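Taking it in order: structure first as structure tokens, then the write-up.
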Amino acid sequence: MIGTFFNTGMILAGCIVGYFFKKGIKPAYHDILIQGLGLAACVIGINAVIQRMPQSKYPVLFIVSLAVGGLIGQALDIQGRFDRLVGRLAGGNLAEGLATAILLYCIGSLSILGPIEAALKHDYTFLFTNGMLDGITSIVLASTFGFGIALAAGVLFCWQGSIYVLALLLKGALSTVILNEITIVGGILILASGLGLLKIKQFSTLNLLPSLLIPPLVISVMQLIF
């Protein structure tokens, strides 16, 4: 868990720095920062899909995952509940920034593979690298949306901690095939978040989060049957 503690600490440190920067940054600079972050999110998402898609053994699974996961998320109204909760805690556009932060911090390949490498091989390289990237990202997000972005650090800690514990318990059951399909879906969600930041198209990204659960379920069932 050393890498996860480091990753979480870098986010909190970045939020502190970004919060103090916010007081001295003009609106025009905020706009250009958020545009840069939106472009970065798009590139990260596209890169994840392009890298993993050629390795996919189930080329259409991501389509099924997004469709089924989106229906589940819409039925549960995850986005609406999240927006209302954040709206009660803070005003402004924190909900948009926090949703983006959670996706950027949690749904990258480093954030998924890092805890697994740490649990199975005691290799913290991925998590240390991810922590540095998240620290820089949190400076930009906090300077734009406020210190409330630090709430995403708690989500990241629970996310990576859960993956770490599951990796210890399941060990060989977490195949590269499952991780590959999850990363493809995650890349699409990050791309959607980036497009939202750029004001190109607003997606109910959080309603699509259940899509991440579909690949492991489908692949596990298929492996049992066949």
Side-chain angles (χ1 to χ4, degrees), residues 1-19 33-34 36-49 78-79 82 85-86 89-90 93-119 124-167 179 182-197 203 205-213:
M1 292 289 287
I2 296 174
T4 296
F5 280 113
F6 175 79
N7 203 159
T8 304
M10 287 299 295
I11 292 174
L12 292 174
C15 287
I16 293 172
V17 174
Y19 175 74
L33 282 174
I34 205 64
L37 185 60
L39 289 171
C42 288
V43 171
I44 291 170
I46 293 171
N47 181 64
V49 174
I78 299 175
Q79 184 77 54
F82 178 82
L85 175 61
V86 175
L89 295 175
N93 55 351
L94 176 60
E96 178 187 1
L98 195 53
T100 300
I102 291 171
L103 287 171
L104 287 174
Y105 296 156
C106 298
I107 316 300
S109 56
L110 291 177
S111 191
I112 295 173
L113 297 177
I116 296 174
E117 290 285 309
Y124 304 104
T125 304
F126 284 171
L127 287 176
F128 286 157
T129 302
N130 198 54
M132 296 300 295
L133 293 172
D134 287 348
I136 296 172
T137 303
S138 64
I139 293 175
V140 178
L141 285 170
S143 67
T144 304
F145 297 105
F147 188 74
I149 293 298
L151 293 171
V155 178
L156 173 91
F157 183 82
C158 294
W159 168 258
Q160 290 188 355
S162 299
I163 294 176
Y164 182 88
V165 172
L166 283 174
L179 293 174
I182 291 175
T183 303
I184 291 173
V185 176
I188 295 172
L189 297 186
I190 293 174
L191 172 59
S193 180
L195 292 174
L197 287 174
F203 296 90
T205 314
L206 294 184
N207 282 348
L208 291 170
L209 278 182
S211 303
L212 295 169
L213 301 176

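Computation of the quantities below employed the complete heavy-atom set of this structure, encompassing side-chain atoms and omitting hydrogens, waters and symmetry-equivalent molecules. It should be emphasised that the depicted structure is a prediction, and the values quoted were computed from it without experimental measurement.
- For Thr4, the side chain to side chain donor-acceptor pair (under 3.5 Å) criterion is met by Gln160, not counting sequence neighbours.
- The distance from the CG atom of Leu156 to the CG atom of Asp134 is 6.5 Å, given to the nearest 0.5 Å.
- Using a 4.5 Å heavy-atom cutoff, the side chains of Leu212 and Leu189 are in contact.
- Between Phe5 and Phe157, the angle of the ring planes lies from 30° to 60°, which puts this pair in the tilted group.
- Every residue two or more places apart in sequence or in another chain was checked for a ring-ring contact (aromatic ring centres under 6.0 Å, His included) with Phe203, and none qualifies.
- Residues forming a side-chain contact (heavy atoms from CB on, under 4.5 Å) with Ser138 (at least two apart in sequence, or on another chain): Ile11, Cys15, Tyr105.
- Nearest heavy-atom pair, Pro115 versus Ile163, reported as atom, atom and distance to 0.1 Å: CB-CG2, 3.8 Å.
- In terms of the side-chain contact (heavy atoms from CB on, under 4.5 Å) criterion, Leu213 has no residue partners (sequence neighbours excluded).
- Closest non-hydrogen pair, Val185 versus Ser211, comes out as CG1-CB, 3.7 Å.
- Rounding to the nearest 0.5 Å gives a distance of 10.0 Å between CG of Leu12 and CG of Leu151.
- For the ring-ring contact (aromatic ring centres under 6.0 Å, His included) test, no residue two or more places apart in sequence or in another chain qualifies with Tyr164.
- Atom CE of residue Met10 and atom OG1 of residue Thr137 lie 10.0 Å apart, to the nearest 0.5 angstrom.
- Closest non-hydrogen pair, Gly131 versus Asn7, comes out as CA-ND2, 3.4 Å.
- Residues passing the ring-ring contact (aromatic ring centres under 6.0 Å, His included) test with Tyr124, sequence neighbours excluded: none.
- Listed by chain and residue number, Cys42, Ile46, Leu195 satisfy the side-chain contact (heavy atoms from CB on, under 4.5 Å) test with Leu191 (two or more places apart in sequence, or in another chain).
- Every residue two or more places apart in sequence or in another chain that forms a side-chain contact (heavy atoms from CB on, under 4.5 Å) with Leu206 is listed here: Ile78, Gln79, Phe82, Ala99, Leu209.
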